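Nothing here was measured: the structure is a model prediction, and the numbers come from that model. Lettering of chains follows the sequences in order, A, B, ..., and the numbering in each one begins at 1.
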Amino acid sequence: MRHILRLSILLIGLFASSASFSADTLPPVNTADDLGPQVDQPIEFPHNRHAKDMGINCMYCHTYARRAPVAGIPPLQKCMGCHNGIESVKDKPRIKELFKHWEEKKPIAWKKVHDLPDYVRFNHERHVKRFIVQQDKPVQEVCGYCHGDVKEGTVARRQKPLSMGWCVSCHEKAHPTDKTAQATAQGPNDCWQCHK
Amino acid sequence: MIENEFNRRDFLKVLGWSGAAVAVSGCGFTSVQDGAETVVSYVEANEYMVPGIGVYFNSTCAQCDAGCGISGKVREGRVLKLEGNAASSINRGRLCGLGQAGVQAHYNPDRVTEPRTGKGEKLDWEKALGQVKEKLTGVSGDEIAFLTGNLSGHLKVLLGNYMDALGSKNHYVYDAVAPAVVRAANKKAYGSEMPALRLDKAKVIVSFGADFLGSWVSPVNFSQQYAQFRKGVNNGGRGVLVQIEPKMTLTGANADRWIPANPGTEGVLALGLINALGAAGVSVPSDIAASVSAYGVDRVSKETGVSAEQIQKLATVLKERSPSLVIAGGGAEGYAHGSQNAAAVALLNQVLGNVGKTVEAPSVVPFPQLAPTAGGTTGLKAFNDGLAAGKFKVVFTLGANPVYSAPAFMKLSDNLKKASFKVALTDAIDETAAQADLVLPLDSAMESWGSLVAEYQADDAQIGIQQPLMERLYDNTRSAGDILLSLVKQQKADDYKAFEDYYAYLRGAVVQAKGALGGAGMDDDEFWNTVLSNGIVKTGNASSSLRASAAAVALPAAVAADSAFPLRLLPYVQPSFRDGRHANLPWLQESPDPLTTIVWDSWVEMHPRTAAKLGVVEGDIVEVASKSGSIKAQAYIFPGIHPDAVSVPFGNGHTTLGRYANGVGANVFQMLDPVFDQETGELAINETHVKISKVGQRVIVIKDEGAAGGSQAGKKIAGRVASNKIDLSKEV
Ligand code: SF4
């Protein structure tokens, strides 16, 4: 019974997702399949605390996203920049762990949760320029196209399939070239844009 | 995760895809591996370090002695790719394939990573250096020898100081494929071992076996000059290149005319040309004219195998297109009379009036103590003689692999055993390190500090600065400079106590001379940072001049062929392998030889006529045997070689150099005959005579293309005209 139920949910998901292909909206909806597995991290970083409660811009920490192919994980130095001054949480276990790494000058080995295969190049900078700089969309929405609703989660978990078909589904749509322009353009569809 | 798997399977079944599950998942989401890899963030990041974006640092290539400047792309603390440093006057932003492979020398999985004893026991540095000190106690300076490759810069100074401290004069410099005979001949003829060759100013170049586009002296520099020469930038029209060599090299393949004169007759041809030029009205000093009068066209044609018509044409071209440039290279010098050959070629230059026009005074760094010591095989011979006589107790090797590259007749491997303590400073367990009692592992060139002064500098003399492009891959390797500094401190602690490491020494030395190096008025840090950012220091040229002392050359009579060994072996210095020290770099094994396009192997190159006579076809395994040894390799039939000769490339046939080199190809050094240039005592590498026999096996030759001049896939891409049907003088 449960089995059948689950199947039907899936089918609904499927229809919904194909509907989203025809309706010109961003991003395609999630199906259960899109959600990545839970990955244990050395420190359970609460994205909700930072992005929702504190309202910190994604690119305050992932500062490389706008000038490099990769968004990067912030250097420890950056975490300490704030946490040195936040007395209220200093003795929480996660923050203690953070201070320990800092004092030992030992980098944190985070587990990758958005790890594309080696033959795929995704360029953060170009997407940030297109949607945030040119179209003036809200940062969290733009990051969310691929990373889902980060402010609602704690430890990062993959929300989208990140498969080629999924990328292409967005690249096939016409996007306005900037905030006010009528002109539209599609994302590139040449193989070598991503497979170099 | 499991739940998702179930969903997925159901999903596929519903859509009728279940049978294709594997194929679909192969290109679906499963290649996104959540949590499989780590991403390590910086603890503290430099402003200029942006993940995903490369930063370039300038340094100096250490793959050969040409001293090109490099610019290494570093990303996330790792060096990824090398480019040429545009500010270097040697290579002006370009790099050769061998230089590119420097990255692989760095990441090579077969590097030695820890000091170890001959038996393979690991040591820490303190113990290792302690052993050296202990073994040196009570040993006199005469009983210590240090064999190195070519050295220059501050490392050379430090080694000199170390040898002085030990009271030893036994520093031997060895380069297996050096232009040592040409150097000596140049010194005599022009007063400079390596004058600047201005290819770009010449209207015609006649090269006697100098593969200047491939492996000779400073190929990146020459290639750029060659481009100018072909475009006619400085000489008002496309330059004409004639290459005279019995085995076609990359330069020969680029030439307008490739002339396979009989091996060893280069000098005869040069004197014949002088004679013909004299007859054609070029002014030749009377004593020279008298000395070449015996070299009439008919005789020269008979001895060299070059037609009388061709000789006349060559003389005409040389006369009409001035300034010209004639160069003697490896093809001409590797004989018992190599010195005379090179002298004859230099004489031809002088008669043509090229000295001062296309042969210029070189640019010299005004610090003679840093100037390169360029060796040849005489260094090896002297080292070996000392070993054979049992003179040496403690020997060091650095940048040289004599057990691999010394011919078998020297019995170097056996002689080495007579030394009781052998220390190898090396980055891989090569054949020499395999015999050592102590192996000191070196940093790669991407990890170490250094300075380098190139032997050949055409203009704008400079010192190349080598700086680490990234952190050490292995904690327990050290740079040659650091090791030598530690060793010299063992002897003279007080003199060197100010220098904690080689970096401090190098920085100190460079900063101390800042006034002379264009840094007057800068503070030390500023000057040093400028030096590092440039990767080179321009020193200004020391005054140097050439003299043209034309002296008659007497060539010996040709030696009759030995019927037991009817063919001549012409070992080939391949652009990417040279003396074989880099055979463990797969990029080099993988890049096709420019002429035969063969990869990952040695070959025996022979003319189709010779092959037909021997009944050999491509891929036959043949044995090439000389009086001194033999090798087996696949036959490759190639029209670009003299019918009386066969050619085998140097560089392969290693036994201990690592997974990419061991067992690949054959070592042709081992079978060279003991014939030496009579004037300089250099090993005459083209004087080995061989016979060929089939072994009875046949393989498919792994190569990129068919033989040059092959079928062109039936497309008639290039028209073919027999070479004797072309009138060179009209063509140019
Ligand atoms: S010629 Fe020599 S120094 Fe120059 S790039 Fe090639 S290997 Fe390096």
Side-chain angles (χ1 to χ4, degrees), chain A residues 3-4 6-7 9-11 13-14 31-42 63-64 67-80 101-102 104-121 123-125 156-158 160-166, chain B residues 1-18 20-56 73-78 80-81 83 107 470-473 475:
Chain A
H3 195 67
I4 290 170
R6 208 180 289 141
L7 190 61
I9 291 171
L10 228 176
L11 281 173
L14 179 69
T31 66
D33 248 8
D34 298 341
L35 191 63
Q38 194 87 49
V39 173
D40 290 338
Q41 296 288 2
T63 164
Y64 304 120
R67 47 201 170 114
V70 297
I73 308 285
L76 267 182
Q77 188 184 18
K78 183 148 238 160
C79 311
M80 297 309 297
H101 276 273
W102 175 249
E104 290 170 4
K105 293 280 175 267
K106 203 173 118 210
I108 304 175
W110 301 99
K111 287 267 176 353
K112 280 191 186 175
V113 290
H114 297 96
D115 189 11
L116 297 180
D118 289 350
Y119 50 82
V120 184
R121 310 266 179 116
N123 190 317
H124 280 83
E125 182 187 1
R157 188 168 177 187
R158 183 165 55 76
K160 306 285 172 177
L162 307 188
S163 65
M164 188 173 98
W166 179 82
Chain B
M1 182 74 199
I2 288 170
E3 255 190 18
N4 280 342
E5 283 294 326
F6 277 124
N7 287 344
R8 206 173 140 63
R9 216 174 296 147
D10 292 340
F11 178 68
L12 292 165
K13 212 191 296 172
V14 167
L15 295 177
W17 283 120
S18 55
V22 174
V24 173
S25 66
C27 61
F29 329 138
T30 46
S31 43
V32 180
Q33 293 180 305
D34 308 42
E37 287 182 14
T38 51
V39 48
V40 182
S41 65
Y42 287 105
V43 173
E44 287 167 287
N46 274 323
E47 268 305 302
Y48 60 81
M49 287 288 194
V50 178
I53 304 243
V55 186
Y56 287 80
K73 178 179 182 176
V74 180
R75 227 188 64 192
E76 276 101 275
R78 291 175 70 84
L80 299 182
K81 169 85 166 60
E83 311 291 346
Y107 289 115
M470 66 179 276
E471 294 272 311
R472 285 196 174 98
L473 285 174
D475 291 342

Minimal non-hydrogen separation, [X] against [Y], with atom names:
X        : Y       : result
B:Ala45  : A:Pro75 : CB-CG, 3.8 Å
A:Pro107 : B:Val43 : N-CG2, 3.5 Å
B:Pro51  : A:Pro69 : O-CD, 4.4 Å
B:Val50  : A:Ala68 : CG1-CB, 3.4 Å
A:Val70  : B:Gly52 : CG2-N, 3.9 Å

Exercise. Enter the distance from A:Ile108:CD1 to B:Thr38:OG1 here, rounded to the nearest 0.5 Å.
Key: 12.5 Å

Quiz item: For atom CG of B:Asp475, is the number of surrounding heavy atoms from other residues, nucleotides or ligands below 6.0 Å larger than 12?
Solution: no

Quiz item: Take atom CD in A:Glu104; do more than 12 heavy atoms of anything else shown fall under 6.0 Å from it?
Solution: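 More than 12 heavy atoms, drawn from other residues, nucleotides or ligands, come within 6.0 Å of this atom.
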
Quiz prompt | Structural part of A:Lys106 lying under 4.5 Å from a heavy atom of chain B | solution = backbone

Quiz item: Which bit of A:Pro42 comes within less than 4.5 Å of chain B, counting heavy atoms only: side chain, backbone, both or neither?
Solution: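 Looking at A:Pro42, nothing touches chain B.
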
Self-check item: Pick from A:Ile73, A:Thr63, A:Asp40 with the largest number of heavy-atom pairs that fall under 4.5 Å of chain B
Solution: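 Looking at each option in turn, the highest pair count goes to A:Ile73.
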
Exercise. Could you have a look at A:Gln77, A:Glu125, A:Lys111, A:Arg67 and say which one has the most heavy-atom pairs with chain B under 4.5 angstrom?
Key: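 Sorted descending by pairs with chain B, the first entry is A:Gln77.
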
